[in-house]
Peer 1: 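Could you have a look at this structure, given as C-alpha cells, before my questions?
The sequence lines fix the lettering, A, B, ..., with proteins before strands; numbering per chain opens at 1. Everything numeric here is computed off the predicted structure, so don't read it as measured data.
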Amino acid sequence: MSSKPGLPKGTRDFGPEQMFRRNYIIDKIKAVFETYGFLPLETPSLENLSVLTGKYGDEGDQLIFKILNSGDFLNKTNQEDYKKGSKEFSGKISNKGLRYDLTVPFARYVVKNQNDITFPFRRYQIQPVWRADNPQKGRYREFYQCDADIIGTNSLVSDLEMVWLIHDVFKSLDLNDFLLKFSNRKILTAISEYIGEPGKENTLYVSLDKLDKIGKDNVFKELKAKGMSERSCVKLAPILEISGDNRQKLEQLTEFIGNLETGKEGLEEVSFILDSIANKENTEFKLDFDITLARGLSYYTGTIFEVKPTTVQMGSITGGGRYDNLTGVFGLDGMSGTGISFGIDRIYDVMLELKLFPESEIAGTKVMITNFDQDTLKFSLEVLNRLRRNGINSEIYPDKSKMKKQFGYADKKGIHFVAIIGPEEATQKIVSLKNMSTGEQQRLTVDELIGVLS
RNA sequence: GUGGUUGUAGUUCAGUUGGUUAGAACGCCUGAUUGUGGUUCAGGAGGUCGCCGGUUCAAGUCCGGUCUUCCACCCCA
C-alpha cells in the first residue's frame with residue numbers, strides 16, 4: 001500500500017464509473033447553458049501571477065498555486081531578495097500560477113479581446129481550478145467549476161436569467177432538495193450606512209454570513225471585536241429580527257433603509273427579481289431573500305446568490321452575483337456583468353448521496369461478442385463492425401478464453417447482451433444473443449440483431 | 001495557515017500489558033462445468049502493518065518527524 005505511488009493532497013483520480021456520472025452532470029449543465037445562448041470558452045490552466053494576485057484578497061492570494069520559473073531561477077536572485085522573506089522571494093522565482101477560479105481569467109480574456117467581442121457577451125466555461133486550501137469533505141485542491149457569465153450589460157434581466165438558469169439546471173439534474181438564497185450587496189452597503197458604520201460593509205458581511213452558524217450573540221461579539229461600536233450593534237439588532245416571506249421581509253427592511261439612496265436601489269432590484277419570478281408560469285421557485293447572505297468574493301456589487309442543498313450536509317454548490325467593474329483591474333472600466341458558478345464536485349457528492357444518478361447512464365458496452373477460435377473470428381469481426389457502424393456500443397472478447405471466463409467478464413462489466421458466435425453460428429451466418437439479465441437466448445440474423453439492439 | 005484525527009491484504013476492518021509464523025469477511029485466481037455469467041461447493045494466491053528514524057533482548061503495538069485521510073477554525077465551490 002505504502003510503496004504504491006500516491007496522489008497529492010486534495011486531488012483525486014476519476015475512474016470510469018465516476019467519469020460516467022461526472023459527464024452526466026456536465027452534459028446536462030452544458031445543455032442548459034446552450035439553451036440560454038451561452039458560448040463556450042476555455043482559457044489556459046496557467047496564468048501570469050500579475051493576472052491572478054490581488055483579485056481574491058490576501059487570503060485568496062495565499063491559496064494560489066505558484067509555478068516555479070524554468071531554468072536556473074536562483075541565478076537571477078540575490079541575498080537581498082532572500083532576506084525579504086517568502087512572499088517577496090517567491091515573486092522573484094515564480095511568475096506563473098494555476099488558475100484559482102474561472103471569473104478572473106474570463107475578465108482577462110474580455111479585456112484582451114475587447115475589440116473582437118460582441119457585447120453583451122454570454123460565455124460558459126467548464127474547467128478545473130486549483131486552490132492550496134486544506135481539504136475536507138467537499139473541499140478539494142483541484143476541482144471543476146462550471147461558470148456562465150453575461151458581461152457588458154447592467155440590465156437586471158441578466159440577473160433574472162441567472163435565477164432561471166439555476167432552477168433549470170437543477171431541474172434537469174432532478175436535484176430538487178436545494179434552496180436558492182439571494183440578496184443584494186447594495187442592501188448591505190445601506191445597512192452599514194444606516195447603523196452608522198459607512199464603508200465597513202466588508203466587516204459587516206463577513207460576520208453576518210456566519211449568523212445561522214454561530215448565532216446572533218457571537219456575531220455581535222465578533223463585530224465589536226472588529227471595532228464596531230455598541231450603538232451600531234443596537235441599531236443592527238432589529239434588522240436581524242426581520243422575518244416572514246420574501247415580500248414581508250422586503251417591506252420591513254424598507255422601514256430601515258428605504259430612505260437611503262443605495263438602500264432604495266437595492267430594494268428595487270430585489271423587488272424586480274421577486275416580481276419577475278412570480279410571473280414565470282408553472283414553475284415553483286425555491287427563492288429565499290436572505291439579508292444575511294454575503295458571499296466572500298469582494299468584487300460583487302449588486303445581486304448575489306448562493307445555492308445550498310437542504311437534505312445533505314454540504315457547503316454551497318452554486319454561487320454568483322453581479323459585478324460592476326470586474327475588468328477595471330485590467331484597465332477596462334464600465335464593464336458590468338453577472339455570473340454564476342456551479343461546483344460540480346459538490347453536486348456530484350450530493351447527487352451520489354441522494355442516489356440521483358440514473359442506472360442507464362452508467363453502462364458502456366451494450367453487447368459483447370464471444371471469441372471462439374480462428375475460424376469463427378472472421379464472421380465475429382464482421383458482425384462487430386456492422387454493430388458499430390449502426391451506433392451500437394460493442395466489443396469483442398480479445399482472447400480465445402473459456403466461455404465461462406468470457407461470460408464472467410461481460411457480467412462484471414455490466415454488459416447487457418452477449419452475442420455468441422461459435423462454429424455452428426458462423427457457418428449459418430447467425431448469432432445466438434443472450435440477454436444477461438433475463439438469461440433468455442435467441443438465434444438471430446445480423447439484421448435482426450441490429451434491430452433488437454438499436 | 002492554526003488545532004485535532006486517521007493509516008494493517010484489492011476493499012471494509014480485528015489484532016490483548018510490547019513477546020513465536022499478523023487474522024476475518026467480502027473480493028480475486030483455479031477447479032467441480034472443454035458452448036454460457038450472476039448461486040453453490042472444494043482449493044489457492046495475496047501484507048515493507050503509510051514512510052523515515054529512535055527506544056528495547058524484542059515494535060503493527062511506545063516515542064519523534066514526515067506524508068495522507070477526515071474534522072473544526074479561516075475561507076470557500
Side-chain angles (χ1 to χ4, degrees), chain A residues 1-12 15 25 29 56-64 86-87 99-103 126-147 205-207 209-210 213-214 218 222 294-298 300 305-309 313-320 339-350 368-373 376 397 400-426 431-441 443:
Chain A
M1 194 120 166
S2 54
S3 51
K4 285 170 192 162
L7 237 46
K9 187 194 284 201
T11 65
R12 300 146 299 156
I25 296 175
I29 293 178
Y56 312 104
D58 284 345
E59 302 216 340
D61 285 354
Q62 285 171 0
L63 298 180
I64 295 170
S86 313
K87 205 176 167 186
R99 78 167 96 78
Y100 177 90
D101 69 359
L102 301 179
T103 311
I126 302 174
Q127 288 189 277
V129 302
W130 294 269
R131 297 184 187 180
D133 205 356
N134 258 344
Q136 299 180 17
K137 186 183 181 183
R139 299 182 81 156
Y140 307 100
R141 289 188 150 187
E142 178 185 61
F143 61 96
Y144 271 69
Q145 287 191 330
C146 301
D147 276 27
Y205 73 61
V206 166
S207 299
D209 201 33
K210 299 177 197 163
K213 203 170 188 179
I214 63 175
N218 286 322
E222 195 177 304
R295 304 277 316 147
L297 293 168
S298 46
Y300 292 125
F305 21 70
E306 180 170 284
V307 178
K308 277 191 174 171
Q313 186 66 37
M314 179 69 73
S316 68
I317 51 177
T318 292
I340 186 80
S341 179
F342 293 85
I344 71 154
D345 300 85
R346 285 186 176 180
I347 291 173
Y348 179 98
D349 290 347
V350 170
M368 184 199 82
I369 300 174
T370 59
N371 190 335
F372 255 79
D373 53 35
T376 60
Y397 196 86
K400 286 167 280 190
S401 307
K402 290 177 185 171
M403 280 303 105
K404 182 185 167 69
K405 188 157 189 186
Q406 301 193 23
F407 273 83
Y409 168 82
D411 184 50
K412 251 174 272 169
K413 270 192 76 176
I415 297 172
H416 289 299
F417 294 96
V418 173
I420 305 148
I421 298 175
E424 204 182 310
E425 286 89 349
V431 304
S432 296
L433 184 69
K434 175 159 179 167
N435 181 324
M436 293 295 276
S437 40
T438 63
E440 280 168 21
Q441 197 166 314
R443 302 179 139 229

Peer 1: Can you check whether A:Lys402 has a side-chain N or O nearer than 4.0 Å to OP1 or OP2 of B:U34?
Peer 2: no
Peer 1: Side chain of A:Arg131, heavy atoms from C-beta onward: which of B:U36, B:A77, B:U68 has the nearest atom to it?
Peer 2: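 Among B:U36, B:A77, B:U68, the one nearest the side chain of A:Arg131 is B:A77.
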Peer 1: Within the 4.5 Å heavy-atom criterion, are A:Lys308 and A:Ile317 side-chain neighbours or not?
Peer 2: no
Peer 1: Tell me whether the side-chain N or O atoms of A:Lys434 pair up with the base of B:U36 as donor and acceptor below 3.5 Å, since no angle test is needed here.
Peer 2: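 Side chain to base: pair found, below 3.5 Å.
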Peer 1: Atom CE of A:Met436 and atom P of B:U39: how far apart are they, to the nearest Å?
Peer 2: 12 Å
Peer 1: Between A:Glu142 and A:Lys9, is the closest basic N to carboxylate O distance under 4.0 Å?
Peer 2: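 No salt bridge links A:Lys9 with A:Glu142.
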Peer 1: Using a heavy-atom cut-off of under 4.0 Å over every strand shown, decide if A:Gly439 touches base, sugar-phosphate, or nothing.
Peer 2: base
Peer 1: Could you tell me which nucleotide pairs with B:U6 by Watson-Crick or G-U wobble geometry, both distances under 3.5 Å, or answer none if nothing does?
Peer 2: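 Answer to the pairing question: none, since B:U6 forms no Watson-Crick or G-U pair.
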Peer 1: Rounded to whole Å, please give me the gap between CG in A:Asp133 and P in B:C70.
Peer 2: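 Taking CG of A:Asp133 and P of B:C70, I get 13 Å after rounding.
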Peer 1: Is A:Arg131 close enough and on-axis enough to A:Phe143, meaning under 6.0 Å and within 45°, for cation-pi?
Peer 2: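 Judged by the rule (NZ or CZ under 6.0 Å from the ring centre, within 45° of its axis), A:Arg131 is not positioned above A:Phe143.
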Peer 1: Over how many whole Å does the gap from A:Tyr56 atom OH to B:C75 atom P extend?
Peer 2: 18 Å
Peer 1: Taking the side chain of A:Glu424 as heavy atoms from C-beta outward, which of B:G35, B:U2, B:C75 is closest to it?
Peer 2: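 Closest nucleotide among those given: B:G35.
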Peer 1: Just checking A:Ile420: base, sugar-phosphate only, or nothing, at a heavy-atom cut-off of under 4.0 Å?
Peer 2: base
Peer 1: A:Asn134 has a side chain; which of B:U2, B:C76, B:G35 sits nearest to it?
Peer 2: B:U2
Peer 1: Rounded to whole angstrom units, what separation is found between the CZ atom of A:Phe417 and the C1' atom of B:G37?
Peer 2: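 Result: 15 Å.
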Peer 1: Check if the side chain of A:Asp411 and the base of B:G37 share a donor-acceptor pair of N or O atoms closer than 3.5 Å.
Peer 2: yes
Peer 1: Considering every strand shown, what is the Watson-Crick or G-U wobble mate of B:U40 when both distances are under 3.5 Å?
Peer 2: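 By the stated definition (distances under 3.5 Å), B:A32 pairs with B:U40.
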Peer 1: Toward the 5' end of RNA chain B, which comes first, A:Pro8 or A:Gln441, by nearest nucleotide?
Peer 2: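 Of the two residues, A:Gln441 wins.
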Peer 1: Provide, to the nearest angstrom, the distance between the OH atom belonging to A:Tyr397 and the P atom belonging to B:U36.
Peer 2: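 Nearest whole value for this atom pair: 15 Å.
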Peer 1: Tell me which nucleotide among B:A77, B:U69, B:C75 gets nearest to the side chain of A:Tyr140.
Peer 2: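 Minimum distance to the A:Tyr140 side chain belongs to B:A77.
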Peer 1: Can we say A:Asp133 and A:Arg141 salt-bridge, meaning some charged N sits less than 4.0 Å from an Asp/Glu carboxylate O?
Peer 2: no
Peer 1: Against A:Tyr56, only a single residue in A:Asp101, A:Thr103, A:Asp61 fulfils side chain to side chain donor-acceptor pair (under 3.5 Å); can you say which?
Peer 2: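 That would be A:Asp101; it is the only one of A:Asp101, A:Thr103, A:Asp61 passing the side chain to side chain donor-acceptor pair (under 3.5 Å) with A:Tyr56.
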Peer 1: Would you indicate which nucleotide in B:C74, B:U69, B:A77 comes nearest to any side-chain atom of A:Phe143?
Peer 2: B:A77
Peer 1: What nucleotide among B:C76, B:G1, B:C29 has an atom nearest to a side-chain atom of A:Lys412?
Peer 2: B:C29
Peer 1: Decide whether A:Ser432 and A:Glu425 meet the rule of one side-chain donor and one side-chain acceptor closer than 3.5 Å.
Peer 2: yes
Peer 1: For the base of B:G35 and the side-chain ring of A:Phe372, does the geometry meet a stacking cutoff of under 5.5 Å between centres and under 30° between planes?
Peer 2: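 No, A:Phe372 does not stack on the base of B:G35, since the centre distance and plane angle fail the 5.5 Å and 30° test.
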Peer 1: Determine whether any donor atom in the side chain of A:Arg139 lies under 3.5 Å from an acceptor atom in the base of B:C70, or the reverse, and answer yes or no.
Peer 2: no
Peer 1: Atom CD of A:Glu222 to atom C1' of B:C75: distance rounded to whole Å?
Peer 2: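 Those two atoms, CD and C1', are 12 Å apart.
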Peer 1: Could you tell me which nucleotide pairs with B:C73 by Watson-Crick or G-U wobble geometry, both distances under 3.5 Å, or answer none if nothing does?
Peer 2: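 Paired with B:C73, as far as the under-3.5 Å criterion goes, is B:G1.
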Peer 1: Could you check whether any side-chain heavy atom of A:Met368 comes within less than 4.5 Å of a side-chain heavy atom of A:Phe407, counting everything from C-beta outward?
Peer 2: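 They are not in side-chain contact.
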Peer 1: Measure from the side-chain heavy atoms of A:Arg346 and tell me the nearest of B:C74, B:C76, B:G35.
Peer 2: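 From the listed options, B:C76 comes nearest.
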Peer 1: Given atom CG of A:Leu433 and atom C1' of B:U36, what is their separation to the nearest angstrom?
Peer 2: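 These atoms are roughly 13 Å apart.
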Peer 1: Please name the nucleotide paired to B:A24 by Watson-Crick or G-U wobble geometry with both distances under 3.5 Å, or report none.
Peer 2: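 Checking every strand shown, B:A24 finds its partner in B:U12, with both distances under 3.5 Å.
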Peer 1: On RNA chain B, check which nucleotide each of A:Gln62 and A:Lys404 is closest to and give me the residue with the more 5' one.
Peer 2: A:Gln62
Peer 1: Check whether any side-chain N or O of A:Gln406 sits under 4.0 Å from OP1 or OP2 of B:U36, and answer yes or no.
Peer 2: no
